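For the numbers below, each heavy atom of this structure counts, side chains included, while hydrogens, waters and symmetry mates do not. No experiment lies behind these values; they were computed from the predicted model shown. Order of appearance sets the numbers: ligands from 1, and atoms from 1 within every ligand.
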Amino acid sequence: MYRIGFGVDSHRFEAVSTGKKLMLGGIEIPHPVGMESHSDGDVILHALYNALASALGEGSIGTAFPDSKEENQGRDSKEFVAHILQKTRQEGYIIQNVGVSLECKTPKINPHEKAFKESIAQLLGIKVEQVAVHATTGESLTAVGKGKGIYTQVIVLLEKHQKR
Ligand SMILES: [Zn+2]
């Protein structure tokens, strides 16, 4: 039995640097400003959470970990992913593949693509070959394309473990 999951997330860059690091896909990327966000603002991991939750028929990251809760302040998004991954496994699913697609003018994603794939694969306990990371600049068409922030879409395929 298969379940498909789709998730999106977006964050805008801080207008002025508060010293917050730019976290993407669980790793720190050199950039003058971080993301405006209650948590660490890792837009890839938030979309990944939403994709897994969507496959399981669960609510989005905002319902499970609301901005209004003090405990989520500055929180490492890897913890959110660990939470939904545990649920995925509890329900007897394994992850077949993950596709990440970013709209992002800055920073350049290409040099970090391999590191993103490795980080996401490690987080999910799957092989690097099961993860794809694509990026488009957005061609200045939208606010994101003009460099105001980053928009991410993630798709996942889950397969139910056959009990013998
Ligand atoms: Zn988010």
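Less than 6.0 angstrom separates the ring centroid of F13 from the ring centroid of H31.
Between the N50 side chain and the V8 main chain, a donor and an acceptor come within less than 3.5 Å of each other.
Listed by chain and residue number, E58 satisfy the salt bridge (Lys or Arg N to Asp or Glu O under 4.0 Å) test with K87 (two or more places apart in sequence, or in another chain). Among residues two or more places apart in sequence or in another chain, the side chain to side chain contact (heavy atoms under 4.5 Å, CB included) test is passed with L85 by R89, I95, L124. Qualifying side chain to side chain donor-acceptor pair (under 3.5 Å) partners for T63, counting only residues two or more places apart in sequence or in other chains: none.
Ordered by chain and number, D9 OD2, H11 NE2, H46 ND1 make up the set of protein N, O or S atoms under 2.8 Å of the Zn ion (ligand 1).
Atoms NE2 and CD, from H38 and E71 in turn, are 8.5 Å apart once rounded to the nearest 0.5 Å.
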